[in-house]
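Down below is the structure, laid out as structure tokens.
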Amino acid sequence: MPVLVKVNDGRVSIVTGGARGIGLAVAKALAGDGFAVVVGDVDEKGARAAAEAIRAGGGRALGIRSDVTVAADAKALVDLAVNEFGRLDCAVNNAGIALGVKPMAEIDDESWNRLFATNVGGVRNCMRAEIAYMLGVGKGVIVNMASTLGVVGSTGCAAYVASKHALVGLTKAAALDYAKAGIRINVACPGPVLTAMAQVFLDGNPKALEQTEAAMPNGRFIQAEEVGAAVAWLCSPASSGLFGHALVIDGGWTAI
Ligand code: NAI
């Protein structure tokens, strides 16, 4: 979907894992709302292409290789936003990974630790760098990317479910720590979106796609753009009353 930039109002954002999927949709939605966007991703080519797509639509963006599991990379993203665009108003900590489907006791240590290092440790690294800057200017907005699997369980993905529940908890605790400092921290919890990651859950079960659609109260997957729009709202002053809030965008999945 092309980016339609409404107005360049000087605000600046970071999106981690913004090369593709939900992160790319978030980056485009923020650019459409007037934010300059720094796209970070381990996929350098993808990050640069995402930024190029935003610039082609009239927006301001830079793409850079950045690994959220490396604290220095997380700080470098903040520095890049401030040095190139002059400030940082909001950050969307979206980068995350999933494992293949396996019962809990069969998940090996290496996979478990890698997943937690990314989905929880990565967001901690990013929030530490972002909060350090935001405390200095006395304001800022952070949105973390959990999942409906951060508020309910599911079979075959215990590590992912545990990491996203941890992320919802981390968001609530951090939101309380910094609410009076002018920093607003919330967490988005999307239902299933057909991205490269969703393929991990669908692989090996040819009926999974149609079973997932049938189980959705709205009868379909969530669109990445629907998550992008919700996250852009969480980044905007229109959501100024929300602190430590887990916003589900799930077609009714958790309402059942
Ligand atoms: P995706 O796999 O399509 O995209 C993830 C992006 O993150 C990729 O560009 C990847 O290169 C990047 N990435 C991975 N590890 C990284 C690291 N260490 N540092 C920086 N970048 C890294 O995944 P998708 O579906 O777009 O997911 C984005 C986020 O949304 C994830 O946190 C995921 O857990 C969450 N989510 C996804 C849902 C889905 O159904 N696809 C549903 C709910 C939440």
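By convention here, the first residue in the shown sequence is residue 1. Counting starts at 1 for both ligands and their atoms, in listed order. Note: hydrogens, waters and symmetry copies are ignored here, and every other heavy atom, side chains too, is used.
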Scan the side chains in residues 131-144 for donor-acceptor partners under 3.5 Å anywhere in the protein, sequence neighbours excluded, and list what turns up.
unit_1, atom_1, unit_2, atom_2, d
Y133, OH, L88, N, 3.3
N144, OD1, N93, ND2, 3.0
N144, ND2, T171, OG1, 3.0

Below 3.5 Å, can you tabulate the donor-acceptor pairs from side chains in residues 45-53 to any protein atom, sequence neighbours excluded?
unit_1, atom_1, unit_2, atom_2, d
R48, NE, E44, OE2, 3.1
R48, NH2, E44, OE2, 2.9
E52, OE1, R55, NH2, 2.9

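- Remark: R128 CZ is loosely packed, at most 12 non-hydrogen atoms of other residues, nucleotides or ligands lying under 6.0 Å away.
- Each of E226, E210, E213 was compared with R220 under the salt bridge (charged side-chain N to carboxylate O under 4.0 Å, His left out) criterion, and only E226 meets it.
- With sequence neighbours excluded, the residues satisfying side-chain contact (heavy atoms from CB on, under 4.5 Å) with N119 are I97, L115, Y160, S163, K164.
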Distances under 3.5 Å, N/O of ligand 1 against N/O of the protein: list each pair and its distance.
unit_1, atom_1, unit_2, atom_2, d
ligand 1, 2 (O), R20, NH2, 2.8
ligand 1, 3 (O), R20, NE, 3.1
ligand 1, 4 (O), R20, NE, 3.4
ligand 1, 9 (O), D41, OD1, 3.3
ligand 1, 9 (O), D41, OD2, 2.7
ligand 1, 11 (O), D41, OD1, 2.6
ligand 1, 18 (N), D67, OD1, 2.9
ligand 1, 19 (N), V68, N, 3.0
ligand 1, 21 (N), V42, N, 3.4
ligand 1, 25 (O), T195, OG1, 2.5
ligand 1, 26 (O), I22, N, 2.8
ligand 1, 32 (O), N94, O, 2.7
ligand 1, 32 (O), K164, NZ, 3.0
ligand 1, 34 (O), Y160, OH, 2.6
ligand 1, 34 (O), K164, NZ, 3.0
ligand 1, 40 (O), V193, N, 2.8
ligand 1, 40 (O), V193, O, 3.3
ligand 1, 41 (N), V193, O, 3.1
ligand 1, 41 (N), T195, OG1, 3.0

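- Heavy-atom minimum distance, H165 versus L149: ND1-O, 3.1 Å.
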